[in-house]
Amino acid sequence: MLSDELSTGADKLKGYGVALGVDVPAFGGNFLASIGYMDAENDVTNGHDLTAYSVGAAYTYPLSKRTNLYLTGAYNNREIEANDGWKLEQDEYQVTTGIVHKF
């Protein structure tokens, strides 16, 4: 199955990826943001092109020295394209919120 071949491991990918992130103090907490891009080719499947984009943001707010609230959001897009024109695209959205307490 093609999906099994594509998931054989990152060591089968040839290409590059870049990511940029920032952490900025804001409104008593920290605002975090990141963006990333990957362009690679899978050697196992005779050159399927893989492309991925990701964007994320988060905000953390300290309630005390040991307790933080957080809210995160992210978007990921993955695209696989074969030499014969076959194409698969996946969009993923994620939102998370929570509390962290350090004992």
Side-chain angles (χ1 to χ4, degrees):
M1 176 180 231
L2 184 58
S3 62
D4 292 336
E5 292 174 359
L6 292 175
S7 64
T8 56
D11 60 332
K12 305 298 182 201
L13 297 176
K14 304 270 188 215
Y16 68 96
V18 293
L20 178 65
V22 64
D23 183 352
V24 179
F27 308 108
N30 285 338
F31 176 76
L32 301 92
S34 67
I35 188 168
Y37 174 76
M38 181 194 73
D39 188 10
E41 190 173 283
N42 190 322
D43 286 345
V44 173
T45 58
N46 297 323
H48 285 85
D49 292 324
L50 303 163
T51 307
Y53 304 90
S54 63
V55 178
Y59 184 74
T60 63
Y61 185 79
L63 293 177
S64 68
K65 280 183 158 183
R66 300 184 323 163
T67 306
N68 286 334
L69 294 176
Y70 66 89
L71 174 66
T72 68
Y75 168 74
N76 296 300
N77 174 278
R78 295 174 193 91
E79 187 176 296
I80 302 169
E81 190 169 348
N83 297 333
D84 61 3
W86 175 85
K87 186 176 181 180
L88 175 66
E89 187 170 358
Q90 177 187 27
D91 289 319
E92 177 182 274
Y93 301 89
Q94 182 178 13
V95 176
T96 308
T97 188
I99 187 169
V100 174
H101 182 75
K102 300 174 186 171
F103 292 94

*Starting from V95, walk the hydrophobic network (Ile, Leu, Val, Met, Phe, Trp, Tyr; side-chain heavy atoms closer than 4.5 Å) and list everyone else you reach, by chain and number.*
L71
_Donor-acceptor pair, side chain of Y59 and main chain of A26, under 3.5 angstrom_ = yes
*Looking at residues at least two apart in the chain, or sitting in another chain, which of them share a side chain to side chain contact (heavy atoms under 4.5 Å, CB included) with A19?*
none
*Taking atom OG1 of T51 and atom CZ of R78, what is their separation to the nearest 0.5 Å?*
12.5 Å
*How far does CG of D91 sit from CD of E79, to the nearest 0.5 angstrom?*
9.5 Å
*With sequence neighbours excluded, what pairs up with I99 under the side chain to side chain contact (heavy atoms under 4.5 Å, CB included) test?*
L63, T67, L69
*Who are the ring pair (Phe, Tyr, Trp, His ring centres under 6.0 Å) partners of Y53, not counting sequence neighbours?*
Y37
*Return the set of residues passing salt bridge (charged side-chain N to carboxylate O under 4.0 Å, His left out) with E89 (not counting sequence neighbours), or none when no residue passes.*
none
*asked:* Rounded to the nearest 0.5 Å, what separates atom CG in D23 from atom CG in N30?
replied: 4.5 Å
*Indicate the atoms forming the closest heavy-atom contact of A58 with T72, along with that distance.*
CB-CG2, 3.5 Å
*How many angstroms lie between CD1 in I80 and CG in L88, if you round to the nearest 0.5 Å?*
5.0 Å
_My understanding is that only residues two or more places apart in sequence, or in another chain, count here; which of them pass side-chain hydrogen bond (donor to acceptor under 3.5 Å, both in side chains) with N76?_
E92
*Find the distance between NZ (K87) and CD (E81) and round it off to the nearest 0.5 Å.*
5.5 Å
*Same cluster (ILVMFWY, side-chain, under 4.5 Å), F27 and Y61*: yes
*Does V100 sit in a hydrophobic cluster with other residues, and if so which ones, taking ILVMFWY side chains as linked at heavy-atom separations under 4.5 Å, directly or through other members?*
Y70
*Taking only residues two or more places apart in sequence, or in another chain, which ones meet A33 in a side chain to side chain contact (heavy atoms under 4.5 Å, CB included)?*
V22, F31
_For G28 against P62, the heavy-atom pair lying closest together_ = O-CD, 3.3 Å
*By the rule that ILVMFWY residues connect when side-chain heavy atoms come within less than 4.5 angstrom, directly or transitively, which residues belong alongside I35?*
L20, V55
*Taking only residues two or more places apart in sequence or in another chain, which ones pass ring pair (Phe, Tyr, Trp, His ring centres under 6.0 Å) with Y75?*
Y93
